[in-house]
Amino acid sequence: MNPDALAAHVAAILAALMQEGRLPSVDLPEVRMERPKNRDHGDYATNVALTLAKPAGLPPRDIATMLVEGLNAVPGVASAEIAGPGFVNIRLDSAAQGELARTVVAAGTDWGHGTSLAGRTVNVEFISANPTGPLHLGHTRWAAVGDAIARVLAAAGATVATEFYINDRGVQMDKFGASVMAAANGRPVPEDGYHGGYILDLAAAIVMARPDITSLPEDQQLIAFREAAYALQLKQQQQVLALFRTHFDVWFSERSLHESGAVERGMAKLREQGHVVEQEGAIWLRTTDFGDDKDRVLVKADGEYTYFASDTAYYVDKRARGFDLNIYLLGADHHGYVNRLRAVAACAGDDMDENVEVLIGQLVKITRGGEEVKLSKRAGTIVTLDDLVEEVGVDAARYTLARYPADSPLTLDLEEMTRATNDNPVFYVQYAHARIASVLRNADELGIDWQGAEFAPALLDHERENNLLGMIGEFPRIVASAAELREPHRVARYLEDLATAYHRFYDVCRVLPRSDEQLAPIHIARLWLCASARQTIANGLDLLGVSAPERM
RNA sequence: GCGCCCGUAGCUCAAUGGAUAGAGCAACCGGUUUCUACCCGGUCGGUUGGGGGUUCGAGUCCCUCCGGGCGCACCA
């Protein structure tokens with residue numbers, strides 16, 4: 001029996017009580033089945049009697065009494081009792097609980113996946129950097145968290161596309177080109193240009209590939225350098241993200257919006273809806289109609305489109321491509337965009353609460369042994385994604401970034417991220433996986449065919465087995481809540497608790513027969529439990545884009 | 001000035017309005033005759049920034065004050 005099935009029983013009992021007239025017929029609140037922190041409160045607990053008390057006009061304990069009566073008749077429920085103001089604490093038979101291991105092994109890599117977001121088509125846009133330099137820490141947080149959000153949404157049944165918006169248009173591209181050109185010609189980089197050491201590398205690479213470039217006239221040379229540097233820098237970003245296992249389904253160029261006519265189409269769409277006005281020679285979108293604090297310019301008085309015009313066109317384009325939910329993951333310095341992006345959706349005739357969602361990621365600070373690390377060898381200003389991966393590795397970087405909610409500022413220490421002990425949660429979780437894999441390997445070598453043997457779930461009645469099973473049973477709900485709340489850190493925190501539950505089990509419950517022992521049903525049952533724990537950890541790590549090693 | 005985010009143990013952080021606010025680190029004390037000790041058990045540690053409110057119940061919601069971060073372009 002899993003918690004959802006138990007919750008369904010509770011709902012059915014309450015519905016029956018209403019049918020019989022013992023409870024007034026009111027809207028049934030969502031039945032929440034919690035795993036109590038304090039195990040004295042049972043395997044599961046529900047507060048539904050408390051939430052039902054007010055609408056039903058009955059004391060919570062009276063409702064709980066009727067619920068307990070019904071629950072005690074449910075097969076698999078060992079006991080149900082009232083506690084405190086009206087909580088109902090439930091204990092399951094060990095057999096009912098142990099059956100879960102079979103469910104998990106049968107589900108395999110699908111275990112934990114659900115349908116709570118089935119039918120939703122979601123676009124997750126993140127990082128979306130200028131192709132004018134290496135990706136830095138601000139991008140890195142979203143590279144880990146954004147990718148994990150996309151994976152978790154997909155696990156909840158949504159159809160998900162990840163997208164990187166390349167800001168390849170506008171004056172910063174010219175500044176970038178001018179900087180590289182200056183470096184290639186041995187001149188100082190312009191004051192308002194890009195000054196990182198990588199500019200020199202780009203200049204050298206471009207001149208190497210195309211020695212005649214510096215003899216072009218200035219205006220042509222600027223364009224040639226700009227385009228060549230753009231191509232190289234974008235490729236570098238793509239390579240480091242691939243190395244980081246952050247996959248984008250679409251790399252969307254801002255320029256392409258202008259080249260394809262999408263900007264005109266977007267403008268037309270907004271005009272249709274009646275929120276485009278002309279004032280003082282410029283064309284504006286009246287975003288203040290929908291809660292923005294000022295209107296935004298689409299076309300400047302000189303006839304040039306603004307960046308904001310691209311944004312609106314991009315949104316309209318995404319909608320036209322069939323995404324009913326567009327999630328934007330932005331850095332803290334972009335929080336001013338939240339209202340404006342929501343207003344764009346509303347101006348396009350959409351529902352700003354349904355069709356668009358903007359998440360803000362706060363800053364990440366890096367320390368090494370307590371000292372803040374600011375300088376990057378290459379960029380000259382800030383720590384880059386390359387630097388981080390090089391120093392701590394992909395698994396540690398991804399996991400560490402993904403285990404904190406993105407909306408609070410974060411300080412990470414490089415030394416702690418690389419320590420290979422339980423100081424470091426990523427190793428702790430991975431170690432649990434490797435440890436189980438080792439036990440299963442040993443079982444195999446001993447010729448134990450646990451999958452073919454009779455599995456007696458009722459034997460898993462040790463407190464630590466019960467606890468481990470309970471933790472495993474939580475996984476689908478953890479995934480669903482991580483997706484619903486866009487908070488994949490919940491998966492990481494869960495995995496740490498699950499790993500602890502496994503280690504505690506392993507510490508006390510011998511899985512394989514010792515050399516002087518015969519193979520017994522308890523060994524088989526524990527192997528099923530091990531296999532289900534291993535599957536759950538592997539599936540959870542996969543949602544975070546972290547590897548689940550067989551050996552460590 | 002206006003707006004957004006944040007404030008929880010010495011440090012880094014959890015906690016979807018639920019029961020006694022939890023982990024890891026740091027400090028101290030223990031544990032393995034055989035499966036991975038990268039493990040397990042224990043001790044120490046809190047006025048959840050202050051104050052008020054909402055309710056059966058508030059770290060969580062509302063108001064206010066204090067402190068920190070960020071943003072307020074016909075730039076991109």
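The chains referred to below are lettered A, B, ... by the order of the sequence lines, with proteins before strands, and numbering in each begins at 1.
Here R504(A) reaches the OP1 or OP2 of G41(B): one of its side-chain N or O atoms lies under 4.0 Å away. OP1 or OP2 of U16(B) has at least one side-chain nitrogen or oxygen of R490(A) nearer than 4.0 Å. Applying the 4.0 Å criterion to OP1 and OP2 of C70(B), one finds that Y337(A) has every side-chain N and O outside that range. Contact check, S408(A) against A14(B): a side-chain N or O comes under 4.0 Å of OP1 or OP2. OP1 or OP2 of C35(B) has not a single side-chain nitrogen or oxygen of R526(A) nearer than 4.0 Å. Close to C75(B), at under 4.0 Å from its OP1 or OP2, lies a side-chain N or O of K300(A). Listed pair K294(A) / C72(B) fails the phosphate criterion, with no side-chain N or O lying under 4.0 Å from OP1 or OP2. Proximity of K365(A) to the phosphate of G68(B): no side-chain N or O atom is located under 4.0 Å from OP1 or OP2.
Following rounding to the nearest Å, H334(A) (NE2) and C5(B) (P) show an atom-to-atom distance of 17 Å. What separates CZ of R514(A) from P of C35(B) is a distance of 9 Å, to the nearest Å. Atom CZ of R510(A) is separated from atom P of U33(B) by 12 Å (rounded to the nearest Å). For the pair H433(A) NE2 and C35(B) P, the interatomic distance rounds to 20 Å; values are reported in whole Å. Across the protein-nucleic acid pair, E34(A) atom CD and G22(B) atom P stand 14 Å apart, rounded to whole Å. Atom NE2 in H258(A) sits roughly 11 Å away from atom C1' in A76(B) (whole-Å rounding). Across the protein-nucleic acid pair, E517(A) atom CD and C35(B) atom P stand 13 Å apart, rounded to whole Å.
No donor-acceptor contact under 3.5 angstrom links the side chains of S408(A) and Q362(A), judged on distance only.
Between C25(B) and U43(B), the distance separating the two P atoms is 15 Å to the nearest Å. Between U64(B) and G3(B), the two P atoms lie 10 Å apart (nearest whole Å). To the nearest whole angstrom, the two C1' atoms, one in U36(B) and one in U16(B), are 37 Å apart. Atom C1' of C56(B) sits at a distance of 12 Å from the matching atom of G17(B), rounded to the whole Å. Comparing G42(B) with G50(B), their C1' atoms are spaced 36 Å from each other, to the whole Å. Here, U47(B) and G24(B) have their C1' atoms 25 Å apart, quoted to the whole Å. Atom name C1', nucleotides G49(B) and U60(B): the rounded distance is 16 Å, in whole Å. For the P atoms, the distance from G45(B) to G10(B) is 11 Å, rounded to whole Å.
At a threshold of 4.0 angstrom between heavy atoms, the contacts of Y404(A) are confined to the sugar-phosphate backbone, with no base atom among them. Looking at heavy-atom distances under 4.0 Å, V171(A) makes contact with sugar-phosphate atoms alone, never a base. Within the 4.0 angstrom heavy-atom criterion, base atoms lie near S438(A). In this structure, A437(A) reaches neither bases nor backbone, as no heavy-atom distance under 4.0 Å exists between it and the strands shown. Among the heavy atoms of the strands, none lies under 4.0 Å from A53(A). Among the atoms of the strands shown, none is found under 4.0 Å from any heavy atom of E484(A). I360(A) comes within contact range of no nucleotide atom at all, as no heavy-atom separation falls under 4.0 Å. Across all strands shown, A282(A) has heavy atoms under 4.0 Å from base atoms, whether or not it also approaches the sugar-phosphate. No engagement by F308(A) is indicated, since no non-hydrogen atom pair under 4.0 Å with the nucleic acid exists. Note on P405(A): only backbone sugar-phosphate atoms sit closer than 4.0 angstrom, heavy atoms only; bases stay farther off. Using a 4.0 Å heavy-atom cutoff across all strands shown, C509(A) reaches at least one base atom of the nucleic acid.
Taking the six-membered ring for Trp and the full ring otherwise, Y337(A) and H334(A) have centroids separated by under 6.0 Å. Under the 6.0 Å cut-off for aromatic ring centres, F475(A) and Y494(A) qualify, their centroids lying closer than that. In this structure, F505(A) has its ring center under 6.0 Å from that of Y502(A). Taking the six-membered ring for Trp and the full ring otherwise, Y314(A) and Y165(A) have centroids separated by under 6.0 Å.
The side-chain tip of R435(A) does not point at the ring of Y431(A) from less than 6.0 angstrom away and within 45° of straight on. Remark: R342(A) fails to qualify as a cation-pi partner of F290(A) under the 6.0 Å distance and 45° angle criteria applied to the six-membered ring.
In the set A76(B), G71(B), U16(B), G71(B) carries the atom at the smallest distance from any side-chain atom of H335(A). Of the candidates C74(B), A15(B), A19(B), A19(B) carries the atom nearest the N89(A) side chain, counting heavy atoms from C-beta on.
The base of A14(B) does not come close enough to the side chain of D497(A) for any donor and acceptor atom to sit less than 3.5 Å apart. Side chain N47(A) to base G18(B): a donor-acceptor pair is found below 3.5 Å. Contact of T411(A) with U12(B) (side chain to base): no donor-acceptor pair of N or O atoms is detected under 3.5 Å.
Using a cut-off of 4.0 Å between Lys/Arg side-chain N and Asp/Glu carboxylate O, R271(A) and E278(A) are scored as not salt-bridged. Look at R296(A) and D293(A) and you find a salt bridge, because one of the NZ, NE, NH1 or NH2 atoms lies within 4.0 Å of a carboxylate O, short of that distance.
Residue ring and base: H489(A) does not count as stacked with A14(B) (centre distance below 5.5 Å and interplanar angle below 30° not both satisfied). Between F87(A) and A19(B), a base-stacking contact is recorded: ring centres under 5.5 Å apart, planes less than 30° from parallel.
Partner assigned to C13(B) is G22(B), using Watson-Crick or G-U wobble distances below 3.5 angstrom. Checking C4(B) for Watson-Crick or G-U wobble geometry (two distances, each under 3.5 Å) identifies G69(B) as its partner. U55(B) is unpaired under the Watson-Crick or G-U wobble criterion, no partner having all donor-acceptor distances under 3.5 Å.
Across the interface with RNA chain B, nearest-nucleotide mapping of A406(A) and H503(A) shows A406(A) to be the residue nearer the 5′ end. Residues L50(A) and N130(A) both approach RNA chain B. Their nearest nucleotides, taken by heavy-atom distance, put L50(A) toward the 5′ side.
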